[in-house]
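Report on the following structure.
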Amino acid sequence: MRSPLRRYERRGEAGATALEYALVVPILFTVMFGIIQYGLYFWSTSTAAASAREAARQLSVGTDWGCTRAQALAKASGAAFGGTPLVSRTYLNASNTAKVGAHVRVTVSMKAFDLQLIPLPGDGAITESVEARVANLPPAPLDCA
């Protein structure tokens, strides 16, 4: 014969399970989406840095700015879910022109994808700059191909 008390014990356990589930699931989803969001943020940061690094390397050997910029934009666009990336260059000398021995700075700026669950550093704005020393200036700018 079953005890009537046994039936109430099971019902109480089911309520405790539902309460535990209701407390744990929001925390679990917040952590899971936070990992996804920060993964996308760090991927965007890494892509912006790699794009700037490659563009600075190409400019240091005399590659044409037009195709170098186009390649950097194409590479950075894959990670820029939050908008179109911006790519700029600056020669670090008084005349802001390419000269052997001068340095060139390439800056890639973009906005990372934001799920708006957890705040991102700088509101998701990413700016990566790389400097390289100009080593070669051919008579005509080199083609990117």
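The shown structure was predicted, so the numbers you read here are calculated from the model rather than taken from an experiment. Sequential numbering from 1 along the given sequence is applied to the chain's residues.
- Looking only at distances, a side-chain donor or acceptor of D114 sits under 3.5 Å from a matching main-chain atom of Q116.
- A distance-only check finds no donor-acceptor pair linking the side chain of T63 to the backbone of L59 [under 3.5 Å].
- Between the side chain of D64 and the backbone N or O of T68, no donor-acceptor pair lies under 3.5 Å.
- Sparse packing is recorded around CZ of R105, with 12 or fewer heavy atoms of other residues, nucleotides or ligands lying under 6.0 Å away.
- A donor-acceptor pair under 3.5 Å is absent between the side-chain atoms of E128 and the main chain of S109, judged by distance alone.
- Not one N or O on the side chain of K111 forms a donor-acceptor pair closer than 3.5 Å with the backbone of T84.
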### Task
Given side-chain contact (heavy atoms from CB on, under 4.5 Å), test L86 with M110 step by step and report yes or no.
CA-CA 6 Å; L86 301 171; M110 67 172 78; over 6 Å; no
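- Of the possible donor and acceptor atoms, one in the side chain of S51 sits under 3.5 Å from a partner among the backbone N and O of T47.
- Between V106 and V87, the closest side-chain pair of non-hydrogen atoms falls below 4.5 Å.
- Between F29 and F33, the ring planes are parallel. Angles under 30° get that label, and only those over 60° would be called perpendicular.
- Proximity of a side-chain donor or acceptor of N96 to a complementary backbone N or O of Y91 within less than 3.5 Å is detected.
- At a threshold of 4.5 Å between non-hydrogen side-chain atoms, the residues L19 and T17 do not count as touching.
- Considering only heavy atoms from C-beta on, S60 stays 4.5 Å or farther from R133 through its side chain.
- Looking at K99 and V134, their side chains never come closer than 4.5 Å, going by heavy atoms from C-beta outward.
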